[in-house]
2 protein chains.
Amino acid sequence: MTATATRTSPRKRAGNGAARPVDGDEIGLDALVGHAGYAVRRFQIWIFQDFIRTLGDVDIRPTQYSVLTVIGANPGLSQMAVAKRLGIERARLVHLLDSLEQRDLVKRVKSSTDRRSHALHLTPPGKTALAKFKRLAAEHERHVEERIGKQNRERLLRILADFT
Amino acid sequence: MTATATRTSPRKRAGNGAARPVDGDEIGLDALVGHAGYAVRRFQIWIFQDFIRTLGDVDIRPTQYSVLTVIGANPGLSQMAVAKRLGIERARLVHLLDSLEQRDLVKRVKSSTDRRSHALHLTPPGKTALAKFKRLAAEHERHVEERIGKQNRERLLRILADFT
DNA sequence: GCCAATTGTTGTCGTCAACAACAATCTTCC
DNA sequence: GGAAGATTGTTGTTGACGACAACAATTGGC
């Protein structure tokens, strides 16, 4: 964009009273500016893009990271437990784990006490990898600080604390 | 969830030292709690679900609402302009407008000054409908207030203001 | 007037949430 | 102890959505 020059319609749109020209950029959002959901959606898109870019070299997306982190902190969890905790559909978790298992980061161990379920564990390389992912994720978090300010980030975390 | 009662495994899992029981609910998130992106994602899911439910009767989703609002506030915009302003792919906007046009809420008017582009307008029923959508969206916004608090909602909007 | 850029459109691909159905297994209850 | 119901992991489908690529029509620069 940037300027967009005079654009097309030089006609000044006879005093319509109601509607304003709206040529270059300044396009009003009207009611949208008062909606938390809109701001949150835009912010979430930005934050995910930065996360994906910052962890691009290791090819780890936000959801994968959350799964690895939870398994790392709670070894032996079942797929149901992980899915519930993270708000992921258990059907979706199947594919996520397939991928992580193929990469030898996670392993499904058949539970002896409940033969329906799998106990999830990080593999040794998985543990090493997660440590690296955490360092990169911390770097991403610093980007967030730079974008919205250290204080605002903390405020945000406090406000949304009970959604985690 | 709610309580989940005593759950299953009453066995106390011998002092394993490293890994904690992790039976019922209390599953640690570890590094995740310090990540703004995780909190924002969960919040965004909640907020969209409430929006979709609150505007369920009129069958309007957040993205459709944002498109209608911007067109309503800036009649005559091109599809490119709307797409850019809302951060939507112009390819995606095509389908959104197809749907909204079929429902007679929006019309594409062939621009006389640039015959490549369409000028977007709300139809008369579209204007009436949007007024109703805005009332419902305001109701949704009250739900947000109830969930995170009036003050926190305002803080949030301020923090994320320049993402809109 | 010619070549590059823009606009709307169509199509493909991959991510993700929401369901539904199913086999294997566990739990409950009689 | 055994039938009935619930749970776990799995497979598949649907629809919203973002990212791209290609295309015809049209406009703009030069």
Side-chain angles (χ1 to χ4, degrees), chain A residues 1-10 41-42 44-49 51-53 56 59-67 76-84 86-99 101 106 108-120, chain B residues 1 4-11 41-42 44-53 55-56 59-67 76-84 86-101 106 108-120:
Chain A
M1 43 200 81
T2 65
T4 324
T6 27
R7 250 271 176 273
T8 49
S9 62
R41 166 176 168 262
R42 299 299 297 255
Q44 212 246 8
I45 289 173
W46 180 90
I47 217 169
F48 264 52
Q49 280 174 346
F51 187 101
I52 292 168
R53 190 158 37 77
D59 191 29
I60 286 290
R61 317 196 82 247
T63 312
Q64 297 176 313
Y65 177 75
S66 70
V67 171
L77 281 188
S78 71
Q79 299 186 191
M80 256 318 278
V82 171
K84 244 179 201 156
L86 291 177
I88 301 174
E89 292 255 340
R90 68 183 198 278
R92 165 123 191 77
L93 188 58
V94 172
H95 302 297
L96 285 169
L97 289 175
D98 285 350
S99 153
E101 206 169 24
V106 166
R108 289 186 247 226
V109 180
K110 277 185 289 188
S111 167
S112 50
T113 60
D114 185 342
R115 279 154 52 212
R116 291 171 303 179
S117 69
H118 296 156
L120 301 173
Chain B
M1 31 207 83
T4 322
T6 27
R7 252 272 174 264
T8 49
S9 62
R11 66 205 189 79
R41 167 177 167 261
R42 298 299 298 257
Q44 212 245 9
I45 290 173
W46 181 89
I47 217 170
F48 265 52
Q49 280 174 347
D50 185 85
F51 187 99
I52 292 168
R53 190 158 36 78
L55 280 86
D59 191 28
I60 287 291
R61 316 196 88 249
T63 311
Q64 297 175 313
Y65 177 75
S66 70
V67 171
L77 281 188
S78 71
Q79 299 187 189
M80 259 315 281
V82 171
K84 245 177 200 157
L86 291 177
I88 301 174
E89 292 256 339
R90 66 184 199 278
R92 165 120 193 78
L93 188 59
V94 172
H95 301 298
L96 284 169
L97 288 174
D98 285 349
S99 153
L100 294 174
E101 205 169 23
V106 166
R108 290 186 247 226
V109 180
K110 276 186 288 188
S111 166
S112 50
T113 60
D114 185 342
R115 280 156 48 214
R116 291 171 303 180
S117 69
H118 295 156
L120 301 174

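Just so it is clear: chains get the letters A, B, ... in the order the sequence lines come, proteins before strands, and each one is counted from 1.
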Q) B:Glu89 has an atom CD; how far is it from atom C1' of C:dT9, in whole Å? A) 13 Å
Q. At under 4.0 Å, does any side-chain N or O of B:Thr63 touch on OP1 or OP2 of D:dC17?
A. yes
Q. Rounding to a whole Å, what distance do you find between A:His118:NE2 and D:dT10:P?
A. 5 Å
Q. C:dT25 C1' sits how many Å from A:Met80 CE, rounded?
A. 15 Å
Q.
Quick check: on DNA chain D, is the nucleotide nearest A:Ser117 upstream (toward 5') of the one nearest A:Asp98, or the reverse? Name the residue that is more 5'.
A. A:Ser117
(Q) Heavy-atom nearest nucleotide on DNA chain C for A:Asp114 versus A:Phe48: which residue maps closer to 5'? (A) A:Phe48
Q. What is the distance from NE2 of A:His95 to P of C:dC19, rounded to the nearest Å?
A. 17 Å
Q: For D:dT27, take OP1 and OP2 only and decide whether either is under 4.0 Å from a side-chain N or O of B:Arg115.
A: yes
(Q) So if I take every side-chain heavy atom of B:Val94 and compare against C:dA17, C:dT10, D:dA19, which nucleotide ends up nearest? (A) C:dT10
(Q) Rounded to whole Å, how long is the line connecting atom CG of A:Leu93 with atom C1' of C:dC16? (A) 13 Å
Q) Looking at B:Arg41, does any N or O in its side chain come under 4.0 Å of the phosphate oxygens OP1/OP2 on C:dA17? A) yes
(Q) Counting only side-chain heavy atoms from C-beta out, which of C:dG8, D:dA16, D:dT26 sits nearest to B:Arg61? (A) D:dA16
Q | From C:dT15, D:dT10, C:dT9, nucleotide with atom closest to A:Arg90 side chain | A | D:dT10
Q. Can a side chain N or O of A:Gln49 be found less than 4.0 Å away from OP1 or OP2 on D:dA19?
A. yes
Q | Contact under 4.0 Å: A:Arg116 side-chain N or O vs C:dT27 OP1/OP2 | A | no
Q.
Below the 4.0 Å mark, does D:dT7 have OP1 or OP2 next to a side-chain nitrogen or oxygen of A:Gln79?
A. no
Q. What distance separates B:Arg108 CZ from B:Asp98 CG, expressed to the nearest 0.5 Å?
A. 4.5 Å
Q) With sugar-phosphate meaning primed atoms plus P, OP1 and OP2, does B:Gln64 contact a base, only sugar-phosphate, or nothing at under 4.0 Å between heavy atoms? A) nothing
Q. Rounded to whole angstrom units, what separation is found between the NZ atom of A:Lys84 and the C1' atom of C:dA17?
A. 18 Å
(Q) Any side-chain N or O of A:Arg108 below 4.0 angstrom from OP1/OP2 of D:dT10? (A) yes
Q. In whole angstrom, what separates B:Arg42's CZ from C:dC16's C1'?
A. 14 Å
Q.
Let's go through B:Asp50 and B:Ile47 carefully: what are the C-alpha distance in whole Å and the side-chain angles of both, what is the deciding distance for side-chain contact (heavy atoms from CB on, under 4.5 Å) to 0.1 Å, and is it a yes or a no?
A. CA-CA 5 Å; B:Asp50 185 85; B:Ile47 217 170; 5.8 Å; no
Q | Interatomic distance, B:Leu100 CG vs D:dA16 C1' [rounded to whole Å] | A | 14 Å
